[in-house]
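Below is one structure, written out as structure tokens, with a few remarks after it.
Letters A, B, ... are given to chains in the order of the sequence lines, protein chains preceding strands, and every chain is numbered from 1.
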Amino acid sequence: MSSNNQDFFKRVHQVATLIPVGRVTSYGAIAQYLGTKSSARVVGWAMNAAHGDLSIPAHRVVNRVGLLSGKHHFEGTNLMQQLLENEGVVVKENKIQNFKEIYWDPCKEL
DNA sequence: GATATGACTAGAC
DNA sequence: GGTCTAGCCATAT
């Protein structure tokens, strides 16, 4: 069933789109919300696929420590940080400062 | 079809 | 308490 695979991506994209402005989440959180909690990496791939879609705020998704691990996949060197700061997220040295405060858990919020 | 890789995470040492 | 290893699942070669 190839539909399932695409459905997984679709869900990841959906959740990413639901992330409120000024909030961030982690790959594992999305993976857990989708049921595949062990597949945080796959969420990263989904984000990679979502990278082509400007409607998906991939910059709001970081790793579990609030580090902009995916910033290398964005254009330039600090585009991801710029986007986050533009939304009011405090980022320093490619790491979200008040990560715990702005952390958005889809499993709880949704 | 098998192997390698990756935007991760949790556990072990 | 910091570093390393293994597990996870989908994509790419």
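- In this entry the distance linking CE of A:Met47 with P of B:dA7 reads 14 Å, nearest Å.
- The shortest distance between side-chain heavy atoms of A:Val61 and A:Ile30 falls below 4.5 Å.
- With A:Thr17 as reference, A:Ile56 is the one residue of A:Val12, A:Ile56, A:Asp53 to meet the side chain to side chain contact (heavy atoms under 4.5 Å, CB included) rule.
- Between the P atom of B:dA7 and the CZ atom of A:Arg60 lies a distance of 22 Å, rounded to the nearest Å.
- Heavy-atom nearest nucleotides on DNA chain B were determined for A:Gly28 and for A:Val42, and the one closer to the 5' end corresponds to A:Val42.
- Look at the P atom in both C:dG1 and B:dT9: the space between them is 22 Å, to the nearest Å.
- The CH2 atom of A:Trp45 sits 11 Å away from the C1' atom of B:dA4 (whole-angstrom rounding).
- Among the heavy atoms of the strands lying under 4.0 Å from A:His51 is at least one base atom, whether or not backbone atoms are also near.
- You'll find the side chain of A:Tyr103 stays beyond 4.5 Å of the side chain of A:Ile96, heavy atoms only.
- Proximity of a side-chain donor or acceptor of A:His73 to a complementary backbone N or O of A:Asn48 within less than 3.5 Å is not detected.
- In this entry the distance linking CZ of A:Phe9 with P of C:dA10 reads 9 Å, nearest Å.
- Rounded to whole Å, the distance from NZ on A:Lys71 to P on B:dG6 is 18 Å.
- Separating the CG atom of A:Asn63 from the P atom of B:dT9 is a distance of 5 Å, rounded to the nearest angstrom.
- Under the 4.0 Å criterion applied to side-chain N and carboxylate O atoms, A:Glu87 and A:Arg23 are not assigned as salt-bridge partners.
- A heavy-atom distance below 4.5 Å is not found between the side chains of A:Gln97 and A:Val91.
- Counting non-hydrogen atoms under 4.0 angstrom, A:Ala49 reaches nothing in the nucleic acid.
- Within residues 19-27 of chain A, the residues that have a heavy atom under 4.0 Å from DNA chain B are, in order of number, A:Ser26, A:Tyr27.
- Contacts between residues 74-96 of chain A and DNA chain B, counted as heavy-atom distances below 4.0 Å, involve A:Phe74.
- There is no side-chain donor-acceptor pair under 3.5 Å between A:Tyr33 and A:Thr25.
- Of the listed nucleotides (B:dA7, B:dA10, C:dC9), B:dA10 has the atom at the smallest distance from the side chain of A:Arg64.
- Taking atom CZ of A:Phe99 as the reference point, atom C1' of B:dT9 lies 13 Å away to the nearest angstrom.
- The minimum heavy-atom distance linking A:Thr77 with A:Lys71 is given by the pair O-NZ, 2.7 Å.
- Residues A:Met47 and A:Tyr27 form a side-chain contact, since some pair of their non-hydrogen atoms from C-beta on lies under 4.5 Å apart.
- Distance, A:Ile30 CD1 to C:dC8 P: 21 Å, rounded to whole Å.
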